[in-house]
Protein chains: 2
Amino acid sequence: MYGKKCMLENLRWDLYRTFLAVLEEGSLSAAARSLALTQPTVGRHISELESALGLSLFTRSQTGLLPTDAARALQDDAQAMRGIAAALERTGCGFSAGICGTVRISASEIVGVEVLPPILAGLQAAHPGLNFELVLSNKVQDLLRREVDIAVRMTAPKQEVLLATRVGDIPVALHAHQNYIERHGLPTSLADLESHVLIGYDQETPYLRAARAAYPFWSRANFALRCDSDLAQLALIRAGAGIGICQVALAQKNPHLVPVLSELFTLKLTTWVVMNEGLRNSTRFMTTFKGLVQGLRQYTQTPMNQVK
Amino acid sequence: MYGKKCMLENLRWDLYRTFLAVLEEGSLSAAARSLALTQPTVGRHISELESALGLSLFTRSQTGLLPTDAARALQDDAQAMRGIAAALERTGCGFSAGICGTVRISASEIVGVEVLPPILAGLQAAHPGLNFELVLSNKVQDLLRREVDIAVRMTAPKQEVLLATRVGDIPVALHAHQNYIERHGLPTSLADLESHVLIGYDQETPYLRAARAAYPFWSRANFALRCDSDLAQLALIRAGAGIGICQVALAQKNPHLVPVLSELFTLKLTTWVVMNEGLRNSTRFMTTFKGLVQGLRQYTQTPMNQVK
DNA sequence: CAGATGCTATACAATAATGTATGGCAAAAA
DNA sequence: TTTTTGCCATACATTATTGTATAGCATCTG
């Protein structure tokens, strides 16, 4: 019956930053060090937050502070705020004079490991002030929430506020190691694959859904080796563990990998470079964007990627 | 060649809040009023931000401040920060003693207008400290980013970190106004619909995709009246404009609405109440969550919603 | 054209936030 | 046990942030 004033508090946003640091560091002193503040200041921030929200965030103990349930519930939001603050700073620096600062780029693991490095190295050499953060993941990072600034994607962009450029198609096909073929024979029809060790995904991603639409047998139930990491799948193929999908161009670099049923089973992954529309006027982001587009265009037009 | 220090700036997050206010209010003075600060303070915040980021955010003019491209690019991030800060405060207040504070709920327009009000009124009466913010939209609001705290959805939740409860099925079917039927006749087969005025969506939503899967003719090309607002569709049906989909229970409230082909075309929308897992320990959110579940269960088990 | 309004920029005073120094306490190490 | 270390809490000094008051400059209005 005693209602606390749960109305609009209008707290300083800095309190949230301090709160997050305490949560992550585990003590007022450690948080103070990480924020370049002092321990009394951090303590005051926390008690200010606590009294404003009308709850206790930590249970004091000599060995440190234990977060309460409430504090744990707030952690996600505080982390989100920090992420956005970081994005905001990156954006801002991108607009200042000169091409310098950090750009966060997301791509699939394969593209990030096998394709992007030379492109980014070239960009970095041309613009020494530029730094790159690579987020390699098969789940689509959120450009609108600014988890990343630029994304290399295999799916056509849907949202209008994004600046997207198509850079070409990357052909992928079934491959296996010579060793594996020697032991199991080369399949000559899709039906043959039933008796083979297939390497595939564990959780379905949008791009794999598309693959399954064209080739129904390429579904989770038929895989003997399931792994969500494209890199690990490639490693399994290289190790002769079975038959899996990989980029034609990457397979050709390794003389021991042979294509399997390439006439019957081939996908072309249309590749896009996508950026938030609002970053268009920033030299830093546009330079990176154009560099990625150019580099990936060259890559997709490589003879290795032109195998019809 | 003159590179600004684009490294980690470690700015106070409050500067972003001030910046956003200036952006939205259009002048330092107006922003100061809206933030309960003074104009010199706001001005200092902006120039602090500008010098830290090494760019100019506004072009000064007597009639106000014009945002530069850079400022516009930063707006989205700043707004996102404000949204999260608000969510954080709501979460925090939910943990304080007593059931009070604000809960943001998203639902479709129809559910929000026709179904939720009595439920929320009951909850509010039982807990006078509780306030509700209704976000009515057919696009799925993001629970993870805390745009809303609790969502009423017609699609099964996919993410694991969500606490979801199924509250039953809501039957929907084709309906038309008596007037319309008198003028155009009552169709007796799906083929008959071709010569009728169909009221449907403009942009496809996930739930409508499901409808189309079961009833292929229910696609955008066949609609004479297209509108994304369920409410407007219902209004069109009520006005005798044509035949459209609406909840069976809502149609029965209006004696002039008659079901059309209800044996051939019926959908059951499975309804869920979904909440962020982390809010489970907050009495405020759990109270609301349980109240919504109970109220919607009652609603779906109403005789009107049980027409097989 | 004079007067009002609304805005920004600057100088100075008041206030609020931060840092410094210290004490107390518990757990780990000697 | 004694010592050391690391932590939080408090009192006091310092700094930095904010508010007040004012001037200057445009635009709009009668």
Side-chain angles (χ1 to χ4, degrees), chain A residues 5 8-53 55-68 70-72 74 78 81 85 89, chain B residues 8-68 70-72 74-75 78 81-82 85 89:
Chain A
K5 41 162 183 173
L8 29 116
E9 302 283 355
N10 214 4
L11 294 164
R12 300 151 44 204
W13 290 1
D14 291 310
L15 299 184
Y16 304 138
R17 184 175 56 169
T18 307
F19 162 71
L20 181 59
V22 174
L23 210 49
E24 291 180 339
E25 299 290 336
S27 78
L28 300 184
S29 313
R33 283 191 292 272
S34 84
L35 292 173
L37 296 175
T38 58
Q39 170 258 319
T41 299
V42 173
R44 282 185 287 247
H45 282 182
I46 295 300
S47 47
E48 191 175 336
L49 243 184
E50 286 180 326
S51 71
L53 295 176
L55 49 83
S56 83
L57 293 168
F58 299 94
T59 53
R60 262 72 172 176
S61 80
Q62 277 72 18
T63 162
L65 279 75
L66 288 176
T68 62
R72 270 188 290 270
L74 298 177
M81 278 190 83
E89 275 192 27
Chain B
L8 31 115
E9 301 283 355
N10 214 5
L11 293 164
R12 301 148 49 200
W13 289 2
D14 291 310
L15 299 184
Y16 303 139
R17 184 175 56 167
T18 306
F19 163 71
L20 181 59
V22 174
L23 211 48
E24 290 181 339
E25 299 291 335
S27 78
L28 300 184
S29 312
R33 282 191 293 271
S34 83
L35 292 173
L37 297 174
T38 58
Q39 169 257 319
T41 300
V42 173
R44 282 185 289 247
H45 282 183
I46 296 300
S47 47
E48 192 176 333
L49 243 184
E50 287 181 324
S51 71
L53 295 176
L55 49 83
S56 85
L57 293 168
F58 299 93
T59 52
R60 263 71 172 177
S61 80
Q62 276 72 17
T63 162
L65 280 75
L66 287 176
T68 62
R72 271 189 290 270
L74 298 177
Q75 185 166 20
M81 279 190 82
R82 178 176 54 191
E89 274 191 29

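Just so it is clear: chains get the letters A, B, ... in the order the sequence lines come, proteins before strands, and each one is counted from 1. In this text, all values refer to a predicted model and were calculated from it rather than measured experimentally. Basis for what follows: all heavy atoms, side chains included, without hydrogens, waters or symmetry-related copies.
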Closest approach of Thr68(B) to Ser56(B) (non-hydrogen atoms, all atoms of both residues):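 Taking every non-hydrogen atom into account, OG1-O, 3.0 Å.
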Under 4.0 Å between a side-chain N or O of [X] and OP1 or OP2 of [N]?
X	N	result
Arg33(A)	dC7(D)	yes
Ser29(A)	dC8(D)	yes
Thr41(A)	dT18(C)	no
Arg12(B)	dT18(D)	yes
Ser27(B)	dG6(C)	no
His45(B)	dT17(D)	no

Round to the nearest Å and state the distance from [X] atom [atom1] to [N] atom [atom2].
X	N	atom1	atom2	result
Asp14(A)	dA16(D)	CG	P	16 Å
Glu50(A)	dA9(D)	CD	C1'	14 Å
Arg44(B)	dC12(C)	CZ	C1'	11 Å
Phe58(A)	dA9(D)	CZ	C1'	17 Å
Ile46(A)	dC7(D)	CD1	P	15 Å
Glu48(A)	dA17(C)	CD	P	6 Å
Leu15(A)	dA16(C)	CG	P	16 Å
Leu65(A)	dA9(D)	CG	C1'	12 Å

Counting side-chain heavy atoms from CB outward, which of dA9(D), dT20(C), dA9(C) is closest to Leu28(B)?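 Closest of the options to the side chain of Leu28(B): dA9(C).
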Evaluate the salt bridge (Lys or Arg N to Asp or Glu O under 4.0 Å) criterion for residues Glu48(B) and Arg12(B): first the C-alpha distance (whole Å), next the side-chain angles of each, then the deciding distance (0.1 Å), finally the verdict. CA-CA 10 Å; Glu48(B) 192 176 333; Arg12(B) 301 148 49 200; 3.2 Å; yes
Donor-acceptor pair, distance only, cut-off 3.5 Å: does the side chain of Glu50(A) make one with the backbone of Leu57(A)?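 Checking the backbone N and O of Leu57(A) against the side chain of Glu50(A), a donor-acceptor pair under 3.5 Å is found.
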Donor-acceptor pair, side chain of Thr59(A) and main chain of Leu66(A), under 3.5 angstrom: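 A pair under 3.5 Å: yes.
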Straight-line distance of Arg17(B) CZ to Leu35(B) CG, nearest 0.5 Å: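 Those atoms lie 6.0 Å apart.
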With nearest nucleotide decided by heavy atoms, which residue, Ala36(A) or Gln39(B), maps closer to the 5′ end of DNA chain C?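 Mapping each residue to its closest nucleotide by heavy atoms, the 5'-most match is Gln39(B).
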